[in-house]
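These notes are about the structure you will find just below.
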Amino acid sequence: MDEFEVSPWNVSGKIDYDKLIERFGTQKLENSLLEELKNLTGDLHLFLRRNVFFSHRDFDKILNDLKNGKGFYLYTGRGPSGPMHLGHLLPFIISKWFQEKFGLNVYIEITDDEKFLHSENLDLNDTYRFSMENALDIISLGFDEDRTFIFLDSEYIRNMYKLSLRVAKKVNYSTVKAVFGFKDSTNIGMLFYPTLQIVPTFFENRRCLIPEAIDQDPYWRIQRDIAESLGHYKASVIHSKFLPPLTGIEGKMSSSMPETAIYLNDSPDIVKRKIMKYAFSGGQATVEEHRKLGGNTDVDVAFQWLYMMFEEDDRRIKDLEQGYRKGEILTGEMKSILIEKINGFLVDFRNRREKYRDRLDRFMYDGKLAEKMWETFYDR
Ligand code: TYM
């Protein structure tokens with residue numbers, strides 16, 4: 001038995017990402033592929049340079065479609081179960097990067113149905129409220145208004161239902177039971193929900209690339225089994241690791257444990273307090289010992305967050321790593337660097353968010369991509 005679990009409903013234990021590639025049957029995101037991408041883009045996003053995105057399905061085919069001029073589109077999503085935390089941003093940040101590099105269409109699904117069905121204490125009014133807040137969070141990352149469509153399942157269902165029926169007819173109970181671990185007590189809405197997560201992979205008559213953390217991969221195993229029989233492409237996926245919880249590198253930053261997460265609306269004071277109090281340290285028990293023996297950056301959460309997300313500069317991150325390992329940099333100093341970076345990021349983010357508030361409709365209802373879909377989406 002492996003000592004960790006990764007599924008859409010649960011992430012726990014110390015995740016061995018190489019083992020996960022084997023377990024899920026995905027492919028390592030090799031440097032050769034990243035080099036090919038770099039030849040087309042000129043540079044690589046931090047998440048790619050530092051192997052935060054570490055695994056894929058058919059990313060090589062995406063590169064071919066880029067080279068042969070066919071192009072592709074992006075699809076990703078969010079389950080609106082509460083306020084968003086920093087970890088949730090990873091797939092959206094990389095999606096925005098791809099959109100900018102290649103002028104791509106991006107479809108973002110907000111699965112209020114999923115979260116209503118899955119959670120015991122969320123009503124549809126709650127998921128609606130979180131959907132709107134989360135959607136605003138997401139577009140505020142700077143998505144292109146003309147090329148981004150963000151939609152709520154419970155509202156857009158009118159246009160997706162026919163396709164979801166086509167999907168549903170191809171997938172039987174024993175498959176979803178095996179893939180998602182559904183039980184006799186699982187409500188029947190949950191059994192149907194996977195069709196809705198699959199449908200956006202058929203929104204355009206080109207390949208779609210899905211950026212996400214690897215917990216969402218099970219859906220694509222089903223999608224890839226049935227896509228061609230429905231006349232569509234198998235989904236391509238790039239998988240990220242999880243931004244670890246503040247409290248230690250096991251599991252993932254999770255909304256259900258607030259002390260493990262920094263939320264996008266945490267004030268500078270709260271950010272500081274949480275990191276100082278909870279961020280798991282790879283340092284020694286005393287300053288003297290730390291100076292003598294040095295710290296362990298592999299388990300130091302402040303360093304890991306800087307490495308995975310907040311310190312852009314490759315030279316500086318190396319200096320921080322070496323400095324910490326040699327005991328020249330103390331845990332408190334590493335935490336202070338992180339606090340400053342995160343608060344800088346969040347203040348900018350929240351300023352932008354205010355500016356995007358009035359524009360949400362253009363991403364959700366009457367923007368260009370939404371309109372184009374209404375015209376061209378042939379099978380609704
Ligand atoms: P949700 O809301 O649980 O998560 C949203 C996205 O964030 C990723 N994620 C993380 N990434 C890095 N570090 C973390 N600690 C972390 N926690 C979550 C998730 O993998 C996800 O990509 N069912 C989905 C919504 C959805 C979707 C999709 C996601 C609908 N269609 C297509 C990806 C692709 C959900 O509840 O995501």
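Keep in mind that what you see is a predicted model, and the values were worked out from it rather than measured. Counting convention: from 1, in listed order, for ligands and their atoms alike.
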State if [X] counts as touching ligand 1 under the rule of any non-hydrogen atom under 4.0 Å.
X	answer
Lys241	yes
Pro91	yes
Tyr107	no

Tell me: protein heavy atom nearest [atom], and distance?
atom	value
atom 15 (N) of ligand 1	Leu243 O, 3.2 Å
atom 31 (N) of ligand 1	Tyr75 OH, 2.8 Å
atom 10 (C) of ligand 1	Gly87 O, 3.5 Å
atom 35 (C) of ligand 1	Gly79 N, 3.5 Å
atom 18 (C) of ligand 1	His88 CD2, 3.6 Å
atom 5 (C) of ligand 1	Gly77 O, 3.6 Å
atom 19 (C) of ligand 1	Asp215 OD1, 3.7 Å
atom 9 (N) of ligand 1	Ala213 CB, 3.9 Å

Subject >> Stepwise side chain to side chain contact (heavy atoms under 4.5 Å, CB included) check, Ile214 with Phe242 >> reply: CA-CA 8 Å; Ile214 195 159; Phe242 299 99; 4.0 Å; yes

Original post:
Which heavy atom in Ile94 sits nearest to a heavy atom in Phe53, and how many Å separate them?
Top reply: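 The answer is CG2-CZ, 3.5 Å.
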
Subject >> For Tyr233 against Arg207, the heavy-atom pair lying closest together >> reply: CD1-N, 3.6 Å

Going by atom types alone, do [X] and [Y] pair a side-chain donor with an acceptor below 3.5 Å?
X	Y	value
Ser95	Thr76	no
Asn172	Thr175	yes
Tyr307	Glu321	no
Asp112	Ser131	no
Tyr219	Gln223	no

**OP:** Please answer whether the main-chain N or O of Met253 pairs with a side-chain N or O of His85 as donor and acceptor at a distance below 3.5 Å.
**Re:** yes

Original post:
Counting distance only, does the side-chain N/O of Asp123 pair as donor-acceptor with the main-chain N or O of Asp126 below 3.5 Å?
Top reply: no

If we only count N/O pairs under 3.5 Å, is [X] in contact with ligand 1?
X	value
Tyr219	no
Ser240	no
Trp220	no

Considering the heavy atoms of [X], write down every atom of ligand 1 situated less than 4.0 Å from one of them.
X	result
Ile210	34 (C)
Glu109	30 (C), 31 (N)
Met253	15 (N)
Thr111	25 (C), 30 (C)
Lys252	15 (N), 17 (N)
Glu114	23 (N), 24 (C), 35 (C), 36 (O)

Original post:
Side chain or backbone of Gln197 under 4.0 Å from ligand 1, or both, or neither, by non-hydrogen atoms?
Top reply: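 Contact part for Gln197 vs ligand 1: side chain (C-beta onward).
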
Original post:
Who's closest to atom 33 (C) of ligand 1 heavy-atom-wise, of Lys115, Met309, His85, Glu212?
Top reply: Glu212

Original post:
Is Glu100 paired with Lys96 through a side-chain N to carboxylate O contact shorter than 4.0 Å?
Top reply: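 Looking at Glu100 together with Lys96, the answer is yes, because their closest N to O distance falls below 4.0 Å.
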
Original post:
So, do Phe151 and Phe149 have ring centers that fall under 6.0 Å from each other?
Top reply: yes

**OP:** Compute the centroid of each ring, for Tyr324 and then for Phe303, and state whether the two points are separated by less than 6.0 Å.
**Re:**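 Distance test on ring centres: not under 6.0 Å, no.
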
